[in-house]
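Both backbone and side-chain heavy atoms feed into the values below; hydrogens, waters and symmetry mates do not. Every value quoted in this text rests on a predicted model; they were computed, and no experiment measured them. Note that ligands are numbered from 1 as they come in the structure, with each ligand's atoms numbered from 1 the same way.
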Amino acid sequence: MKITLSVIKADIGGYVGHSSTHPEVVETVREFVKKECEKGNLIDFDILTCGDDIAIVMTHNHGVDSEVVHGIAWNAFEKGTEVAKKLKLYGAGQDLLSDAFSGNVKGLGPGVAEAEFEERPSEPVVVFFADKTSPSAWNLPLYEMFADPMNTAGLVIDPKMHEGFTFEVLDVYTGKAVKLNTPAETYDLLALIGTVGKYVVKNVYRNFDGEIAAAASTQRLSLMAGKYVGKDDPVLIVRAQSGFPAIGEILEPFSKPWIVEGWMRGSHNGPLMPVSFEDARPSRFDGPPRVIAAGYQIAEGKLIGPADLFRDPAFDKARRVANDMADILRRQGIFEPHRLPADEMEYTTLPKVLKKLEGRFYDAEAQRVEEEEKVPEKGDVD
Ligand code: 13P
Ligand code: 13P
Ligand code: MG
Ligand code: MG
């Protein structure tokens, strides 16, 4: 049976500030989607939260980019926004950039990750969901999961993985994408995806047969709205086992925290901390950035789960290390590289500051030369 797994997420109001979601809003979203499921529009659904974001996980037979499925998510988020507005939650409706739904949520604010595939005899999947970061946060772990044999033993051991994987990389500024085949083009891939503000991995396909292996949300709200409206906290779908990386290989990159964009005011770098569902409530300097991993077994389209995969003492050290990294970065205060470079800053007053000081900038070099010319040279005296 061919099914589609769609994960659509949005921040429709924070409780308190940007730290978490409010149960009444989450319940409103859940109730709306449940009714649609009962009507037969979806096979199954689940609701996840991470920080101030809500994700609707859906299985169905409508394929990717379905108006029905996107419409359900949009309307659920609108219903949730009404409650968020009533409770005057912070940034109520933050990610719903348009007043009207027009067939597809892409470009309207919510983040979308979708994959259509034939359900295998056993179909384990992981849905990652992060807050206080951006879609490029998945670049490094996706590389390790699907192209680094030191992380993923299956690349060497599993015959279906041995031919490698192809990464579809999107330039978020131009909307152009390129497919890069690993291992052959690994260095080209890394040349692009190391530039995290511009290139994001959109999909990963298995070379053996072209099967979809991973799908990420790639929306950049800041580029869509032209001003700060949230840092596009992303979702990622990864298929696991028999021909794909094992669950443990998929989670392994998160045992070594790395630094991502999107902490405090969307304008700081910080370590991505893998946490349990319970601990996905970033409050220290609005962070540090968090990621949860929800595991499901899909059975005839039903979502069996979720399993809270980072709720494992084996990730305690990663959390400790992430806290140490956070201390090191916080030491920098408002200075780069903790603060993002000017062109990546979101709540930016920098142009205003530059405008204000415009007339006060003088040519220091010319002044220096002038001063130098004034100084009499040795021998001129007397
Ligand atoms: P089991 O032997 O527990 O099924 O594990 C197989 C495996 O490959 C785990 O990575
Ligand atoms: P969100 O993108 O999660 O809404 O966070 C905004 C922010 O800048 C918090 O400091
Ligand atoms: Mg928010
Ligand atoms: Mg958020």
Side-chain angles (χ1 to χ4, degrees), residues 7-22 25-26 29 47-56 73 77 80-81 83-85 87-97 108-113 127-138 172 196-197 200 216-236 259-275 277 279-292 294 326 329-330 332-334 338-341 344-350:
V7 185
I8 304 186
K9 55 78 43 186
D11 174 350
I12 52 172
Y15 166 72
V16 173
H18 288 284
S19 64
S20 190
T21 50
H22 191 280
V25 175
V26 179
V29 171
I47 306 288
L48 298 171
T49 65
C50 184
D52 57 1
D53 292 77
I54 302 175
I56 310 172
F77 288 137
T81 298
V83 178
K85 284 190 170 152
L87 300 177
K88 295 180 76 174
L89 297 186
Y90 199 69
Q94 173 179 288
D95 288 357
L96 307 187
L97 304 182
L108 299 185
V112 188
V127 174
F128 290 98
F129 188 11
D131 187 38
K132 305 294 176 272
T133 182
S134 72
S136 61
W138 309 131
V172 291
V196 291
V200 296
S217 64
T218 51
Q219 288 71 22
R220 280 202 67 180
L221 282 176
S222 45
L223 296 180
M224 282 174 339
K227 60 175 172 32
Y228 183 82
V229 283
K231 193 73 191 180
D232 339 312
D233 301 316
V235 284
L236 168 68
I259 291 169
V260 298
E261 303 182 320
W263 194 359
M264 181 51 88
R265 297 172 187 272
S267 299
H268 292 76
N269 286 308
L272 187 61
M273 184 189 278
V275 291
F277 297 168
D279 288 335
R281 284 181 288 197
S283 60
R284 180 189 175 187
F285 197 58
D286 286 1
R290 297 299 144 106
V291 57
I292 60 165
L329 283 167
R330 287 297 303 123
Q332 298 281 126
I334 192 64
H338 182 27
R339 201 212 72 193
L340 296 186
E344 280 284 323
M345 270 173 66
E346 304 291 353
Y347 282 105
T348 179
T349 50
L350 212 64

Exam field: side chain [X] to backbone [Y], donor-acceptor pair closer than 3.5 Å:
| X | Y | result |
| --- | --- | --- |
| T133 | D131 | no |
| K9 | V112 | no |
| W138 | V235 | yes |
| S217 | G111 | no |
| R290 | V275 | no |
| T21 | T49 | no |
| W263 | K132 | no |

* Protein N, O or S within less than 2.8 Å of the Mg ion (ligand 4), waters excluded -> D52 OD1, D53 OD1, D131 OD1, D233 OD2
* Any idea which part of H18 is under 4.0 Å from ligand 2, heavy-atom wise: side chain, backbone, both or neither? -> side chain
* For ligand 2, indicate whether the residue D232 contacts it via side chain, backbone, both or neither (heavy-atom separation under 4.0 Å). => neither
* Donor-acceptor side-chain pairing of D11 and Q94 below 3.5 angstrom -> yes
* Asked: Does one side chain, of H18 or D52, offer a donor that lies under 3.5 Å from an acceptor on the other?
  -> yes
* At the 4.0 Å heavy-atom cut-off, does G51 count as touching ligand 2? -> no
As an exercise, identify every atom of ligand 2 less than 4.0 angstrom from a heavy atom of [X].
| X | result |
| --- | --- |
| D11 | 4 (O) |
| Q94 | 4 (O) |
| R265 | 7 (C), 8 (O), 9 (C), 10 (O) |

* To do: Please confirm whether G266 comes within less than 3.5 Å of ligand 2 when only nitrogen or oxygen atoms on both sides are compared.
  => yes
